[in-house]
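Worksheet for the structure shown next.
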Amino acid sequence: MSSEIPPYEERIKWFHQARFGIIVHWGLYSIPGRGEWVMKNERIPADEYAQLAKKFNPKKFDADEWAELAKEAGAKYMVFTTRHHDGFCLYDSKVSDFTSVKTAAKRDFVAEYVKAVRKAGLKVGLYYSLLDWRFPGFFDLKSKPDSAKAMVAQAQAQIEELMTHYGKIDYFWYDGSWIPGLQKDEIAEFWETKGINAMVRKLQPHILINNRSGSPEDIDSYTPASKINEKEPGRGWETSMPIGDRGGWGYLHNNPNMKSVTQLIQHLVEAAAGEGNCLLNIGPKPDGTVRKEEVDRLRAIGKWLSANGESIYGSERSPFDRKMLGRTTAKGNIVYAHVFHWPKQGEITFPSIMNKVKSATVLSTGQQARIETGSSCRTFLKDLPKIPPDPHVTVIKMVLDGKPEAGCWWPSTP
Ligand code: GLC
């Protein structure tokens, strides 16, 4: 591998093309089924929590199934919790005994995952939590500095292992850099982030790194489910979201509040409209299988993407966004209107398009709309069905006579 780091515009290309990824939260916490924060939320002592490793022997874990499911969903990359805040490694770490290789399962799940994801043709992402609740120094830096130091040393060694033993890694997804009592600007110094990331880039020159290690790096990743951030053009950003309630990224046994397929597709569209990515979470069961509710949703998104994907993958911003009934994306001379609220008249009005609209086609059915223009710079798409052709989000592809140009704001009538 050449050690030259390619420029940002080159490294970020696949990420902008991808627009959709799947993150998987899975580990010991999947056994109680009360979310990945169960150890801290319920104040479970580390030695008691560690007993879960004796029960963690997921015979049905099949990384190929996960990767195939992600592919079927239309995702272009995956991210996997190699180690969450509980400190349990799903891979072979030489600097810890608390791993899936040294306990009941005796398997390196990260190795299996990486191999399967690569085989499926998806980009490989690894999630790693810097903090580890088993170190008293995490909670009390001042009076337990040696423990805090040991936690930092562990993180550095484990990241080096992850970057060395599994071939090419496309995306390193940090989490858990916060330290009680430390300000934001002290965090990078505490973890020696600069040095770690230099090491990561030396071992994996093409890698993308998210912004959760205390340094901005390549990608802004946001957790709040409803927050869609639109960054300056070119900068990679991503919004991650669980399918069920926000509190549970890891398996939540009772999770009645799952988002609908329509909500999930709209979320993906909103990210794409801001030139960002949607990273959708699944929390498999302790035996490694993915619950039906999640499988069904992923497949339905995949079905939608197979008809409408050209409006999402590699999409750009369009200047007509937010002016209508949903969101829009663009590609060169093409604008894709994602209609969230289909008008009952079967007629759609677009104000402010300064271009000539040469054709307008419902992407999933091929049906052409009749195009008319009117006063106040309005373009009307007529003869469309009265019920939405796609029950989730209907996409209309409009071919323009040039790059999309917005203008003529009401009430200025030419
Ligand atoms: C937060 C949570 C963590 C979860 C992550 C996903 O950092 O603490 O449990 O893994 O968000 O983005």
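Just follow the structure's listing: the first ligand is 1, and inside any ligand the first atom is 1.
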Check for me whether Arg19 meets the cation-pi criterion with Tyr313, that is, NZ or CZ under 6.0 Å from the six-membered ring centre and within 45 degrees of the ring axis. no
Would you mind listing every side chain to side chain donor-acceptor pair (under 3.5 Å) that reaches into residues 187-199, with sequence neighbours excluded? Gln156-Glu192, Tyr174-Asn197, Asn197-Ser213, Asn197-Glu217
Under 4.0 Å from ligand 1 - residues by heavy atom, chain and number: His25, Glu36, Trp37, His84, His85, Tyr127, Trp173, Asp175, Trp178, Arg212, Thr223, Ser240, Trp249
May I have all residue pairs that pass salt bridge (Lys or Arg N to Asp or Glu O under 4.0 Å) and include part of residues 278-290, sequence neighbours excluded? Lys60-Asp287
Heavy-atom distance under 4.5 Å between the side chains of Tyr29 and Thr81, does that happen here? yes
Can you give me the closest heavy-atom contact between Leu298 and Ile282, atom names plus distance? CD1-CG2, 4.0 Å
Contacts of Lys119 meeting side chain to side chain donor-acceptor pair (under 3.5 Å) (sequence neighbours excluded), chain-then-number -> Asp64
